[in-house]
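All chains are named by letter (A, B, ...) in the order of the sequence lines, taking the proteins before the strands, and each is independently numbered beginning at 1. Below, each value reflects all heavy atoms present in this structure, side chains not excepted, and no hydrogens, waters or symmetry copies.
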There are 2 protein chains.
Amino acid sequence: MPEKTEKPGTAKPGAETTTATEDRPRRRQARGERRIAQLLDAAATVFSTTGYTAASTNAIAREAGVSPGTLYQFFPNKEAIAIELGSRLMHEMRQSYDEALTPIDPGATPIEDVIAGTVDRFIEFNCRHPAFFALMHGPDIPGRIAEEHDALHRTLTARVEALLAPFTPGTPAPTLARTAQMCVGIYKAGLELVLAHEGAEREAYVQELKVTLLRYLSPLVGDVVK
Amino acid sequence: MPEKTEKPGTAKPGAETTTATEDRPRRRQARGERRIAQLLDAAATVFSTTGYTAASTNAIAREAGVSPGTLYQFFPNKEAIAIELGSRLMHEMRQSYDEALTPIDPGATPIEDVIAGTVDRFIEFNCRHPAFFALMHGPDIPGRIAEEHDALHRTLTARVEALLAPFTPGTPAPTLARTAQMCVGIYKAGLELVLAHEGAEREAYVQELKVTLLRYLSPLVGDVVK
DNA sequence: GGCAGACACGAGAGATCGCTCGCATTTCTG
DNA sequence: CAGAAATGCGAGCGATCTCTCGTGTCTGCC
């Protein structure tokens, strides 16, 4: 297939795969760090409104108030911008959900509270960073970001599995895996509905999402639907 | 915003908004109809593998085994191809789900069977036409297709509402609307999981989707989770 | 047979986009 | 202060994409 996404430029200079970290001869100044943050903010805005492929690097630079050349002083290519942005968001999210999921080891907390707490955390994060959803959901993103997305998805389902395991003593592993996948899928569907609404209606959908997860998982905990 | 998706060509000749139907001076021959079907098939393949924006009209023409010029003999632009394809798929789907949903008027059939029947129909359709999902789910599609998508989504949720109404006597309208939205969302999430797997695993996810919907809706019918 | 028009081709016009390059300016270091 | 390096600019290269146009072939109708 000779018409796929080839490197459009004339030549790849050094083929360095490190995103934007210091290799060796790169001593970033404070101004540079500020520009990077500025550019990533702009990229988040543009990505979340137009998607990855439709977003042009010129548009990102303009949104950040700098020239295209300046943008390429800090990022080797367009993909690296998305990678770095995704990586930073993922890092922040990991912090957020580590807080939310680690102290559930004892079986003391009822599953309602586990669901409610987790959902609240994730919803809040995604509302604050709409670019995250756009980046992790676009079917148009090239290889590298898709890999990060897969990695995130795997760790996410693994965490859900671990969270569910103490509640389900006798379930075989493949069934548990499917249950976790389904939970993540339900969460994504709910998130889409939540993001599509505002104010009280949004709250109502958050509640509906919690109810959905609770009802889906209630047989595992031997509960009865109210 | 001067850098948005402008018409790339030199000038829009007549600004005719009719997709590909006969206006007046267009007497299609049998060969032409065959070419159109051929091109739409090719477009379905390309769209479902690369998405809408990444799909090039040249690639569609090549997939169909014709020249780019021939493609533009039958479609005024790239968007029209997607519009026509989406419209044909939507028509076929409407037939399929009219069959599935109309004879449920009596409250005699239990909700399990309603869910199972509907899910089976939709899943079967979407497995047969993977382009439909790609077209209706891409965040990159331009205005017109998004409108069609919204229209489909509205009629779909309306049908689900109508389907749910006899089972829920005392529910207020906004709540019912949210429930229908959630059902469609759950279905979409399940569909994604189903399409991502093969064979027995796929069947297992179909079953899981049915179970999810049943558990979500079970309170409405006064049932108890098994 | 002959003509009108549908069908087919493929080079390329026009436009956008990712990215580069030469050069100017600012900041850091000694 | 002087040199080096980081930062900043913006015109523009090369690639690609959508869509057009001139030209030629095929089909249906008298």
Without decimals, in angstroms, what is the distance between [X] [atom1] and [N] [atom2]?
{"X": "Arg28(B)", "N": "dA4(C)", "atom1": "CZ", "atom2": "P", "answer": "21 Å"}
{"X": "Arg35(A)", "N": "dT7(D)", "atom1": "CZ", "atom2": "P", "answer": "10 Å"}
{"X": "Ile81(A)", "N": "dC17(C)", "atom1": "CD1", "atom2": "P", "answer": "14 Å"}
{"X": "Gln73(B)", "N": "dG22(D)", "atom1": "CD", "atom2": "P", "answer": "14 Å"}
{"X": "Asn77(A)", "N": "dA15(D)", "atom1": "CG", "atom2": "P", "answer": "17 Å"}
{"X": "Glu33(B)", "N": "dT27(D)", "atom1": "CD", "atom2": "P", "answer": "16 Å"}
{"X": "Arg62(B)", "N": "dT18(D)", "atom1": "CZ", "atom2": "P", "answer": "11 Å"}
{"X": "Asn58(A)", "N": "dC17(C)", "atom1": "CG", "atom2": "P", "answer": "7 Å"}

Nucleotide nearest [X] (side chain, heavy atoms from C-beta), chosen from [options]:
{"X": "Thr70(B)", "options": "dC19(C), dT7(D), dA8(C)", "result": "dA8(C)"}
{"X": "Thr57(B)", "options": "dG18(C), dA8(C), dC19(D)", "result": "dC19(D)"}
{"X": "Val66(B)", "options": "dT20(D), dC9(C), dC19(C)", "result": "dC9(C)"}
{"X": "Pro68(B)", "options": "dG10(D), dC19(D), dT7(D)", "result": "dC19(D)"}
{"X": "Ser67(B)", "options": "dC19(C), dC7(C), dG10(C)", "result": "dG10(C)"}
{"X": "Tyr72(B)", "options": "dT18(D), dC7(C), dG8(D)", "result": "dT18(D)"}

With a 4.0 Å limit, can you tell me whether [X] has a side-chain N or O closer than that to the phosphate oxygens OP1/OP2 of [N]?
{"X": "Arg27(B)", "N": "dA4(C)", "result": "no"}
{"X": "Arg31(A)", "N": "dT26(C)", "result": "no"}
{"X": "Ser56(B)", "N": "dC17(D)", "result": "no"}

- prompt: Taking side chain as C-beta onward, heavy atoms only, is Leu195(B) less than 4.5 Å from Ile123(B)?
  reply: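 With C-beta onward as the side chain, the pair stays apart.
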
field: Non-hydrogen side-chain atoms of Arg128(B) and Glu92(B) separated by less than 4.5 Å
entry: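 Yes, side chains in contact.
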
field: Closest-nucleotide ordering on DNA chain D, the 5'-leading residue of Gln29(A) and Ala55(B)
entry: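 Upstream on the strand: Gln29(A).
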
Minimum heavy-atom distance between Leu71(A) and Ile60(A), given as atom pair plus value: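 Here Leu71(A) and Ile60(A) meet closest at CD1-CG2, 3.9 Å.
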
- request: Kindly give the heavy-atom pair with the smallest separation between Ala82(B) and Ile145(B), and that separation in Å.
  value: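 Minimum heavy-atom separation between Ala82(B) and Ile145(B): CB-CD1, 3.2 Å.
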
- prompt: Which part of the nucleic acid, if any, lies within contact of Gly69(A), taking any heavy atom under 4.0 Å across all strands shown: a base, the sugar-phosphate backbone alone, or nothing?
  reply: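 Touches a base.
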
- prompt: Knowing that exactly one of Val206(A), Thr212(A), Leu214(A) qualifies, which makes a side chain to side chain contact (heavy atoms under 4.5 Å, CB included) with Lys210(A)?
  reply: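 For Lys210(A), the side chain to side chain contact (heavy atoms under 4.5 Å, CB included) check succeeds only for Val206(A).
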
